[in-house]
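Since the structure comes first, as structure tokens, the remarks are kept for the end.
These numbers were taken from a predicted model, which means no experiment stands behind them. Just the heavy atoms: all of them, side chains too, but no hydrogens, waters or symmetry mates, feed the values below.
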Amino acid sequence: MRLVMNEPVERMDRPYARRWWALLVLCLSLLIIVMANTALTVAAPDMTQDLGLSSADLQWVIDGYTVPYAALMLLLGAIGDKYSRRGALILGLVVFGGGAVAGSLVDSSTGVIAARAVMGVGAALIMPATLSLLAATFPRAERAKAIVLWTATAGLAIAAGPLVAGALLEHHGWSSTFLINVPIAALAIVGTLVLVPPSKAAHHNRIDYVGGLLSVVWIGSLVYMIIEGPHFGWGAKAVTAAVAAGAGLVLFVLWELRHPRPVVDVRRFAHRRFAGSNLAVALFFLAVFGAFYYLTQHLQFVLGYDALDTGVRMLPLAGAVFVGSALTGYLTPRIGMKFTVTAGMVGGTVALALLTRVDASSAYGDLVLPLVILGLAIGLALSPCTDAIMGAFPEAELGVGGAVNDTSLELGGSLGIAILGSVLAGSYSSHLADATAGSKLPAGALTTAQDSVGAGYAVAQGIGDKARALGEQAAQTANAEQAAQLKAQAGQLADGARQMADAVGSSFSDAVAHTSLVGAVILGVGTVLVAVLLPRKGRTESEAAAERESENGAAKRAGGEAEGRTRDQSGSGTGDETGAGTGGETGAGADTGTRAETGAGTRTGAETETETETGTGAEGGAGAGAEGAAGTGTRAAVGADAPVDAEVSSEETVSAGKTTR
């Protein structure tokens, strides 16, 4: 057995034998880049104390990872498609591991933010590469199952991050949450070389670098605006970012519509299945990341759990994700993705609605049911959406397809933390002001306490420390009258500290309930929109025709670069392809632009579905090399030398006696 896997998956004449082991490596790579964000929420208090981070510093320590991660994925996904998807994964793991090492060694906020940004660049290489390698390696009939496990891993990482970080913080400093990524990244690199076959687009034209750079500008500016505006105010930086995001998006869309080889064909967003799937992913992660943001704070500050205990108490969510993923793997092929995705989004809305019952008397038991329902909802909804998004892209653009899915995920998560985080902060501040009205708390102390729940408890602790100091002073005072006065003052301060702590806890609990209501409304409205957008079962005939026309238009543009290229379609080598608006091929003549079938069983015209019919390259029991009902077939050209220029099924397709893949 060869130590390093060197045979490209595109050259294999049958499905790769060790593809499930390869999936394990891809999931391991995904695990560390998702955990890098969720683990930091638990390590943040230790980092703040050790490095003296301000609230602004801490925000950018967390979000310095997100900006390059979201902004670079489309461009880096396209580069991986052209040159090497496996190479992009390995390079990403190296960059990610290097950033983790740097993050563990620095001793300033600037250094940590820079290290997190480097890790974000690595994650932007890793994330789309994992999905594109998965899609390239697995036959179409098995791809949905593989994506189920991929999305379940993402859900597991959300809950496992705090658990791993908590276990490390029991005996080590915050730097250990960076260093833990290094051996995992090294293991993933070795596993990639040994188990993951190389892959790249069989035919890929020049990369649209202008479109790629415009995507970096508008996505990066948008994420920066989402972070800066709600947290630090709508000053010059946030407004400038908003203008740059808007202008960049307009220029990006206009450029991509006119470019013959766009980095991503924005016309795909006119198709209901594709648009609905991306909207569902974005909305779901808006809700999940937002809820995760305030639930971890509630567990740590209000309920008093340490980092490890907080991680353990998030495990019901992780377990439920796997159950939901198993359910969607069984249900989606039978009842269609519209119903499983809608059911998952309804479940997520119900979970957030249940969190509106949280109050000062709530215990952990009141959170278990919402966590379980939220985990089931994640498992039900996400993998069908990811499968639909990836299925909309031809083989040459699998990296871009993964990047589109992951960009929707990151934008949704960033919006969730920004929107729900802002609602949480405003609600907490308002409730705390009401709860402390009429008290003798100094105005400066109240302002400090309103900054965050952690700051509120710090103010209460400071008052308690003063009470203890006065009590000790009273014990050492010889004058009985003075000692009595000091004791009375200490008692008043101690009562004030308890009242302040109670006010902070009740105010934050009320803020959690209010924020959950806002999140439930957003996700509920989004559920209706997604249910309207998604086709009832599979794609409608008109959508399939529109998508095929878009793909064939791209194929025509690419074919225009190779002047004089002809295709031997009839056996005599004289067949001719006109496209006629669809790029279809006939057995012995020009495409007429209507639905037609040749004797060899090829299928053309504006009504083309994603599956071909019986005959050469057909799907089903009557065709040679049939793929089965679960696969999306290929459009095969008749003739021994005819190229396959559309999306090729990952099952074997026999075209006039020639096996293609």
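- Between Tyr457 and Phe301, the ring planes lie parallel to each other; the angle is under 30°, not in the 30° to 60° tilted range.
- Between the CG atom in Leu168 and the OG1 atom in Thr177 there is a gap of 7.5 Å [rounded to 0.5 Å].
- Checked by atom type and distance alone, the side chain of Thr328 never pairs as donor or acceptor with a backbone atom of Gly324 at under 3.5 Å.
- Without hydrogens or angle criteria, Ser506 side chain to Ala503 main chain gives a donor-acceptor distance under 3.5 Å.
- Using a 4.5 Å heavy-atom threshold, the side chains of Val372 and Leu317 count as separate.
- Atom-to-atom distance recorded for Asp306:CG and Leu299:CG is 11.0 Å, nearest 0.5 angstrom.
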Kindly determine whether Asp366 and Val358 satisfy side-chain contact (heavy atoms from CB on, under 4.5 Å), including the steps that lead there. CA-CA 7 Å; Asp366 298 306; Val358 171; 5.7 Å; no
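- When atom types are taken as modelled, the side chain of Asn181 and the backbone of Phe178 share a donor-acceptor pair closer than 3.5 angstrom.
- Using a 4.5 Å cut-off on side-chain heavy atoms (C-beta onward), Met127 and Leu409 make contact.
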Side chain to side chain donor-acceptor pair (under 3.5 Å), that's the test. Do Thr386 and Trp150 meet it? Break it down for me. CA-CA 10 Å; Thr386 299; Trp150 186 91; over 6 Å; no
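- In this structure, a donor-acceptor pair under 3.5 Å is absent between the side chains of Tyr428 and Thr515.
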Decide yes or no on side-chain contact (heavy atoms from CB on, under 4.5 Å) for Leu51 and Val106, but give the supporting numbers first. CA-CA 10 Å; Leu51 299 177; Val106 296; over 6 Å; no
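- Using modelled atom types, no side-chain atom of Ser176 and backbone atom of His172 make a donor-acceptor pair closer than 3.5 Å.
- Taking the six-membered ring wherever Trp is involved, the centroid distance between the rings of Trp60 and Tyr224 falls below 6.0 Å.
- With hydrogens and angles disregarded, no donor-acceptor distance shorter than 3.5 Å links the side chain of Ser430 to the backbone of Gly426.
- Between the side chain of Ser429 and the backbone N or O of Ala425 there is no donor-acceptor pair closer than 3.5 Å.
- Between Ser507 and Ala435, the shortest heavy-atom distance links the atoms OG-CB, 4.0 Å.
- Checked by atom type, the side-chain pair Asp359/Ser509 shows no donor-acceptor distance below 3.5 Å.
- For the atom pair CG (Leu303) and OG1 (Thr310), the distance works out to 8.5 Å, reported to the nearest 0.5 Å.
- Judged purely by atom type and a 3.5 angstrom limit, Thr477 has no side-chain atom pairing as donor or acceptor with the backbone of Ala483.
- Checked by atom type and distance alone, the side chain of Tyr65 never pairs as donor or acceptor with a backbone atom of Ala36 at under 3.5 Å.
- The distance from atom CE of Met345 to atom CG of Leu534, rounded to the nearest 0.5 Å, is 9.0 Å.
- Leu523 and Gly348 make their closest contact through CD2-C, 3.5 Å (heavy atoms, listed as atom of the first residue, atom of the second, distance).
- Within the 3.5 Å criterion, the main-chain N or O of Val61 finds a donor-acceptor partner in the side chain of Arg116.
- Relative orientation of the His298 and Phe508 rings is parallel, given thresholds of 30° and 60° on the angle between their planes.
- Side chain to side chain, Thr448 and Asp451 fail the donor-acceptor criterion of an N or O pair below 3.5 Å.
- Thr349 contributes atom OG1, which lies 11.0 Å from atom CD1 of Ile373 (distance to the nearest 0.5 angstrom).
- No donor-acceptor pair under 3.5 Å is formed between the side chain of Ser427 and the backbone N or O of Leu424.
- Thr407 contributes atom OG1, which lies 5.0 Å from atom CD1 of Ile219 (distance to the nearest 0.5 angstrom).
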